[in-house]
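Have a look at the structure below before the remarks.
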Amino acid sequence: MLLGVRREPAESERRVALVPAGVEKLRDRLDVVVASGAGLTAGFDDDAYKEAGAAIGTPDEVAAADIAVGIAPEDADGAGAKPDGWSIALYNPLWDPSTVATLGEAGRSIFSLDLVPRSTKAQSMDVLSSMATIAGYEAALLGAARLPRLFPMMMTAAGTLTPARVLVLGAGVAGLQAIATARRLGAVVWGYDIRPAAAEQIRSVGAKVVEEPEISDESEDAGGYAREQTDDQGARQRALLSPHVADADVLITTAAVPGRASPLLVTGEMVAGMDRGSVVVDLAAERGGNVEPSMADEEVVHEGVVVLGPTDLPSRAAGHASEMFSNNIVNLLTHLLETADGHQPDLDDEITAAMLVAHGGAVRNERVLEALGVTGNEEEGGD
Ligand code: NAD
C-alpha cells in the first residue's frame, strides 16, 4: 500500500504530519510518497525523506495514494487519497461537520485525529495531547516575552525584582505544561480547573491551586473531559476567579470543551482589573475564547492589557511538533493496519470506531450526525 504525506495547504502551517524517522518506522509495511517540500519549514528537506526510503512526489501523486495523511484536512477539490482509500487529518468534525460530510461523499474512509479515544491504549496515537504539550510551553514563553517584567525574582545591586505572578485557567495537558514552563522560568504560578482531579496535578508541577468551594464530580464526563457549565455555574466561577485575575501579571487560559464553544471564564471587566502592561494568552481563541476581548490570531489591547489569541502555537515549534505528530501517526497507522482487512477498516475496533467519521460514502459517527442535524442522540452528543 502507498502512503501519501501532504504538503500543508496553509502558508502559516510549518508542521508536517510525518517526519523522515516516521518513514523509516513504516517502511516495512508501506511505500511512502511525500509531497516535495512538505517538511521544509519543519526542518526536513526532500533528501532527508529520500534517505529514509520515501519517494518525493507531486500533490497529485500524493492524492493518488491508498492512505493520505496531513495535519489540516485536504482541499474540497478532493486531493485526499484514492476514492476507496483512507484520509487521516484533524478534521474537527464536531465543530465543522459539513467538511467531513462533503469529503466523505467520494467514498473514502475519513479518520479524524481529534476523535482518538481518551484511553490508555490510544494515548500514544493522541495528537491533541502532543500538540497541547507544545502549545502550553509556547504560551508560557509568549507571556514571558511580552510581559514588560522578568519572571524570576532577582536580587541585584540595582534593587530586588519581585517574581511575576502567572495564573493558568484550565489544567489539562496544555495548562499543566504552561504551569511547568512558567515555574521553570521562575514565576509564582496559580492554576485552576473545574475537574477536581486537576488540583493534585497542579500542585505536582509546582503551582498553587485556586480552590473551588463547590467543586463537584459532575464537572467531568465518563471520558475524562470537562462538561459544559450552566450559566449559573459560569457566573459563580467568574466571581471566584475575579480577584485572582486582577492579581496576575500573566493570565494563560486553556479551558476547552470538546466540540463546543469554549467557556467564557474572564470578562472584559475582569481583564480591565489587571495592571496595565499585563499579558493574557488565550489558547481557546479559535472557538470563541475563554477571555471576552480575545480574538483568534489578533493582538488586542484592552484597557492597557495585551490580549493574545494565538492559534498557531504548535506550529511555532514545528520541528518537535512534527516529530510528536509523526510518532502519533506511526502508532495509529500501525494499529489501523493491524486491525483492518486490507482497505476495510475493522469497524468493531474501539479506536477505529471512534475516529472513523465517514466510510462508504456516508458519515457514520453518531456525534457528527447529530452536529449535522441528521440525528438527535443527546447522550452521545452531551459530553
Ligand atoms: P481539554 O483540552 O479538553 O481541556 C483543557 C482543560 O480545560 C481541561 O483540564 C478541562 O477540565 C478544563 N476546563 C474545561 N472547561 C473548564 C471551565 N469551565 N473552567 C475551568 N477549566 C475548564 O483537555 P485535555 O488537556 O486534553 O485533557 C484533560 C485531562 O484528560 C488531563 O488530565 C489529561 O491528562 C487527560 N487526558 C488523558 C488522555 C488519555 O488517557 N489518553 C488523553 C488526553 C488527555
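Not measured: the values here are computed from a predicted model. All ligand and atom numbering here is 1-based and tracks the order in the structure.
Some N or O of Val173 is nearer than 3.5 Å to an N or O of ligand 1, by distance alone. Considering both main-chain and side-chain atoms, Gln237 comes within under 3.5 Å of ligand 1 through a nitrogen or oxygen pair. Residue contacts with ligand 1: Asp126 is placed with no nitrogen or oxygen under 3.5 Å of a nitrogen or oxygen of the ligand (distance criterion only). Checking only distances, Thr120 never comes within under 3.5 Å of ligand 1, N or O to N or O.
Summarising the geometry, atom CG belonging to Leu150 is positioned 10.5 Å from atom CG belonging to Leu185; distances are rounded to the nearest 0.5 Å. Between Leu356 atom CG and Leu115 atom CG the span is 10.0 Å, to the nearest 0.5 Å. The NE2 atom of His343 lies 5.0 Å from the CE atom of Met1; values are rounded to the nearest 0.5 Å.
Residues Thr339 and Asp346 have side chains that never bring a donor and an acceptor to within less than 3.5 angstrom of each other. There is no side-chain donor-acceptor pair under 3.5 Å between Ser12 and Asp312.
Between the side chain of Asn331 and the backbone N or O of Ser124, at least one donor-acceptor pair lies under 3.5 Å. Proximity of a side-chain donor or acceptor of Asn290 to a complementary backbone N or O of Pro263 within less than 3.5 Å is detected.
For ligand 1 and Ala171, the ligand atoms under 4.0 Å from any heavy atom of the residue are 9 (O). Residue-ligand proximity, Thr254 to ligand 1, at heavy-atom distances under 4.0 Å covers atoms 5 (C), 6 (C), 7 (O). Near Ser129, with a cut-off below 4.0 Å to any heavy atom, the atoms of ligand 1 are 42 (C), 43 (C), 44 (C). Atoms of ligand 1 found under 4.0 Å from any heavy atom of Leu265, numbered from 1 in the order shown, are 17 (C), 18 (N), 19 (N). Listed by atom number, the atoms of ligand 1 under 4.0 Å from Ile194 heavy atoms are 15 (N), 16 (C), 17 (C), 18 (N), 19 (N), 20 (C), 21 (N), 22 (C). Taking a cut-off of under 4.0 Å to the non-hydrogen atoms of Pro263, the atoms of ligand 1 that pass are 15 (N), 18 (N).
Not a single heavy atom of Gln233 sits under 4.0 Å from any atom of ligand 1. Using a 4.0 Å heavy-atom cutoff, Ala132 is absent from the residues neighbouring ligand 1. Between Gly175 and ligand 1 there is no heavy-atom distance shorter than 4.0 Å. Remark: distances from the non-hydrogen atoms of Ser119 to ligand 1 include one below 4.0 Å. Residue Leu128 places no heavy atom under 4.0 Å from ligand 1.
Between Glu51 and Arg27 no salt bridge is recorded (no basic side-chain N to carboxylate O distance below 4.0 Å).
Of the candidates Gln123, Lys121, Arg118, the one placing a heavy atom closest to atom 44 (C) of ligand 1 is Arg118.
Annotation for Glu269: atom CD does not count as buried by contact number, only 12 or fewer foreign heavy atoms lying within 6.0 Å.
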Notebook entry, point to check: Step by step, would you call Leu18 with Leu3 a side chain to side chain contact (heavy atoms under 4.5 Å, CB included)?
Noted result: CA-CA 10 Å; Leu18 195 74; Leu3 170 70; 3.9 Å; yes
